[in-house]
Amino acid sequence: MSSAKDNIRVGIDLGSKTLKAAILHNNTVEETFIYDHKGNLAETLKKILSFINEKYTPVNNISYGICGNIEIEGFKTIDTVLASVEANRFLETGSRNIIGIGCESFYLIILDDKGNYREHRVNPMCASGTGSFLDQQAERIGLTIEELSEKAYNFKGKTPSIATRCAVFAKSDIIHAQAEGFESDAIAAGLCRGMALSILSQLKKGRDLSGGIILTGGVSRNKMIASEIADQLEGNIKIIEHSPVFNAIGAAVMGEETNLNPDLLLEAMGKKHERRNPLEIRLTDYPDFDAGNMYVVDSVEITEYEELTCDKREVLIGIDIGSTSTKAVVMDYNTQKVLAGLYTRTAGAPVEVSKKILFHIGELFKKSELIIRGVGTTGSGRTLVKEILNADLVVNEITAHARGALLLDPEVDTIIEIGGQDSKFTQLENGEVVNAAMNYVCAAGTGSFIEEQAIRLGISLHDI
């Protein structure tokens, strides 16, 4: 039971994916909360404030502290680094180094022998190596984040090398690892190991981390990452019960807001930003992607562009095995008209998806005598699928783009392509490629980037 004389301190950590809260009752951590807000911070915060109002009324002595990478009009937010330092002092961890790994950032805080702040380092703008990165990869290999952590920690065999510099490029490495026969637990271990090494390479940089290390943030629950960091630093990593809500506890300790009006706070958080007029396409002839007879069978989107029923059909087949989706076209060998197009998700299984595509091509032409004059593959999984299908040739994507564009328009001189993990700019002169450029390390601005944000907000790709 709470009385009006009790001292209640509330800390709220507003993260990019989760809202974490801690309630300190007479200097004891009494309640903690972690909610996945899916972009709706105001509604999620309302749950916390309603709980406090119901449980601690009529307590008069309640203070609030809010931290996180967000600004709320009319409210003072606490710096995340300071909140972490104060939580370390309040919980008496005895650690002089704090490594925090959250959904969109990770950082190292170094303290002096009295627990006071000395220096800190934060990851660069890219979110590779964060909790969000790990969430995306877990989903990619069909695991929950908890399953990924457990499988990775228990796996003891050889692990594949997975790029952790970018969530989208990791996707390609996962595809290649699956093609080489690695199971999901080996891939999970490779991901976690690579992520731990990436975090340390960006944070430590020759710094002396003597004096004990505590791991905080949501990723502190990942035993594989924790053990890998401990191995690399040749010491034990301390993880406590409250590591995931560490900063919320620090915000509670530092919070000085005693007259917080929940309604005003919610109003400030839910306030609509001024919207500009929606974009309009005025200078471009935008194509009609619904042309032809389009339908979906077994998660494969099929479009029939021509009448397919005839006694005999000679065709060419092209398959583009991308990191996100696999596409195929069937062309008439004599006229080079596109007869049908097929589209489906690669889902980390390029071989199985390619087989599915071929099965549906067979179904499309089952009433005809089908003569396949040639098969070509392109995309990130082109070499693997060429061997599996015994295709005639494997073509790099820039060459494939150029040849396809010229078939559609012989006068074309510029191709801009935005795919699942990369974007390309190609220039042609007299039907020949004279210049080509593409993104390399970072995949921001690609299709997968948009897709990940849609998932994070809980809305469909079509709606976004």
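Source: prediction; values computed, not measured.
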Quiz item: Quick check: does any side chain N or O of S201 sit under 3.5 Å from a backbone N or O of S198, one acting as donor and the other as acceptor?
Solution: yes
Quiz item: What residues, two or more places apart in sequence or in another chain, satisfy side chain to side chain donor-acceptor pair (under 3.5 Å) together with N154?
Solution: E150
Quiz item: Under 4.5 Å between any side-chain heavy atoms of I415 and F425, yes or no?
Solution: no
Quiz item: Between T28 and N26, is any side-chain donor less than 3.5 angstrom from a side-chain acceptor?
Solution: no
Quiz item: Side chains of I8 and L24: does their closest heavy-atom pair fall under 4.5 Å?
Solution: no
Quiz item: Just wondering, more than 12 heavy atoms not from K114 lying within 6.0 Å of its NZ?
Solution: no
Quiz item: How close do Q202 and R121 get, heavy atom to heavy atom, and via which atoms?
Solution: O-NE, 2.6 Å
Quiz item: With E31, which residues qualify under salt bridge (charged side-chain N to carboxylate O under 4.0 Å, His left out), at least two apart?
Solution: K55
Self-check item: N88 vs F246 side-chain heavy atoms within contact, under 4.5 Å
Solution: yes
Quiz item: Who are the salt bridge (charged side-chain N to carboxylate O under 4.0 Å, His left out) partners of R207, not counting sequence neighbours?
Solution: E119
Quiz item: Are any of the side-chain heavy atoms of F90 and I249 separated by less than 4.5 Å?
Solution: yes
Quiz item: Do L233 and L209 come close enough that some side-chain heavy atom pair is under 4.5 Å?
Solution: yes
Quiz item: For I66 and I78, what are the C-alpha separation, side-chain angles and deciding distance, and is it a side chain to side chain contact (heavy atoms under 4.5 Å, CB included)?
Solution: CA-CA 6 Å; I66 301 174; I78 297 165; over 6 Å; no
Self-check item: Of all pairs that satisfy salt bridge (Lys or Arg N to Asp or Glu O under 4.0 Å), the ones with a partner from residues 243-252, not counting sequence neighbours
Solution: none
Practice problem: Could you check whether the rings of H120 and Y117 sit parallel, tilted or perpendicular, using 30° and 60° as the cut-offs? | Solution: tilted
Quiz prompt | Value rounded to 0.5 Å, distance of OG1 in T144 from NZ in K151 | solution = 9.5 Å
Self-check item: Residues in side chain to side chain donor-acceptor pair (under 3.5 Å) contact with T159, at least two apart in sequence or another chain
Solution: R193
Quiz item: Which is it for H242 and V29 under the side chain to side chain contact (heavy atoms under 4.5 Å, CB included) test, yes or no, and what are the steps along the way?
Solution: CA-CA 9 Å; H242 300 305; V29 180; 3.6 Å; yes
Quiz item: Which heavy atom in S299 sits nearest to a heavy atom in T344, and how many Å separate them?
Solution: O-OG1, 2.9 Å
Identify all side-chain donor-acceptor contacts of residues 211-221 below 3.5 Å with residues at least two apart in sequence or on another chain.
| residue | atom | partner | partner atom | Å |
| --- | --- | --- | --- | --- |
| S220 | OG | G217 | O | 2.6 |

Quiz item: For A87 and G250, which heavy atoms make the closest approach, and how far apart are they?
Solution: CB-N, 3.6 Å
Quiz prompt | Spacing of N7 atom CG and S63 atom OG [to the nearest 0.5 Å] | solution = 6.0 Å
Exercise. Kindly check if the number of other-residue, nucleotide or ligand heavy atoms within 6.0 Å of CD1 (I418) is above 12?
Key: no
Quiz item: Taking atom types as modelled, is there a side-chain donor on T346 or T326 under 3.5 Å from an acceptor on the other?
Solution: yes
Quiz item: Please, which pairs that meet salt bridge (Lys or Arg N to Asp or Glu O under 4.0 Å) have at least one residue in residues 79-92, sequence neighbours excluded?
Solution: E86-R89
Self-check item: Passing option when L108 is tested against L203, L200, I98, V122 for side-chain contact (heavy atoms from CB on, under 4.5 Å)
Solution: L203
Quiz prompt | Side chain proximity check, P350 to L384, heavy atoms < 4.5 angstrom | solution = yes
Quiz item: Can you check whether K20's main-chain N or O pairs, donor with acceptor, with D13's side chain at less than 3.5 Å?
Solution: no
Self-check item: Test salt bridge (charged side-chain N to carboxylate O under 4.0 Å, His left out) applied to D320 - qualifying residues, sequence neighbours left out
Solution: K327
Quiz item: Is there a donor-acceptor contact under 3.5 Å from the side chain of T284 to the main chain of I281?
Solution: no
Exercise. With side chain to side chain contact (heavy atoms under 4.5 Å, CB included) as the test, would you mind laying out the steps for I48 and T44 before giving the verdict?
Key: CA-CA 7 Å; I48 304 292; T44 309; 5.6 Å; no
Practice problem: Taking all heavy atoms of S210 and all of N97, pick out the closest pair and write down the distance. | Solution: O-ND2, 3.1 Å
Quiz item: With sequence neighbours excluded, what pairs up with N222 under the side chain to side chain donor-acceptor pair (under 3.5 Å) test?
Solution: none
Self-check item: Pairs involving residues 209-219, ordered by first then second residue, that meet salt bridge (Lys or Arg N to Asp or Glu O under 4.0 Å) (sequence neighbours left out)
Solution: none
Quiz item: What residues, two or more places apart in sequence or in another chain, satisfy salt bridge (charged side-chain N to carboxylate O under 4.0 Å, His left out) together with E417?
Solution: K424
Exercise. Hey, could you give me the CD1/CD distance between I199 and E228, rounded to the nearest 0.5 Å?
Key: 11.0 Å
Quiz item: Judged by modelled atom types alone, do S50 and N53 share a side-chain donor-acceptor pair under 3.5 Å?
Solution: no
Quiz item: Taking C-beta and beyond as the side chain, do V433 and T399 meet within less than 4.5 Å on heavy atoms?
Solution: no
Quiz item: Just how far is it from atom CD1 of I239 to atom OG1 of T93, taken to the nearest 0.5 Å?
Solution: 12.5 Å
Practice problem: Kindly indicate whether a cation-pi arrangement holds for K158 with F155, taking the cut-offs as under 6.0 Å to the six-membered ring centre and within 45° of the axis. | Solution: no
Quiz prompt | Distance-only polar pair, side chains of Y35 and E43, donor-acceptor under 3.5 Å | solution = no
Practice problem: Provide the closest heavy-atom pair for I319 versus A328 in the form atom of the first, atom of the second, distance. | Solution: CG1-CB, 4.1 Å
Quiz prompt | Point-to-point distance, once rounded to the nearest 0.5 Å, from CD1 of I229 to CE of M224 | solution = 11.0 Å
Self-check item: Separation of M438 CE from S423 OG (nearest 0.5 Å)
Solution: 7.5 Å
Quiz prompt | Minimal non-hydrogen separation, H37 against S16, with atom names | solution = CE1-O, 3.1 Å
Quiz item: Taking T32 for the side chain and A22 for the main chain, is one N or O donor matched with an acceptor at less than 3.5 Å?
Solution: no
Just distance, no hydrogens or angles: give the donor-acceptor pairs under 3.5 Å from side chains in residues 181-192, sequence neighbours left out.
none

Quiz item: Are R9 and N27 close enough that a side-chain donor and a side-chain acceptor fall under 3.5 Å?
Solution: yes
Practice problem: Evaluate the side-chain proximity of M195 to I101: yes if any heavy-atom separation is below 4.5 Å, no if none is. | Solution: yes
Exercise. Might you work through the side chain to side chain contact (heavy atoms under 4.5 Å, CB included) test for L82 and M254, ending with a clear yes or no?
Key: CA-CA 9 Å; L82 295 180; M254 296 183 68; 4.1 Å; yes
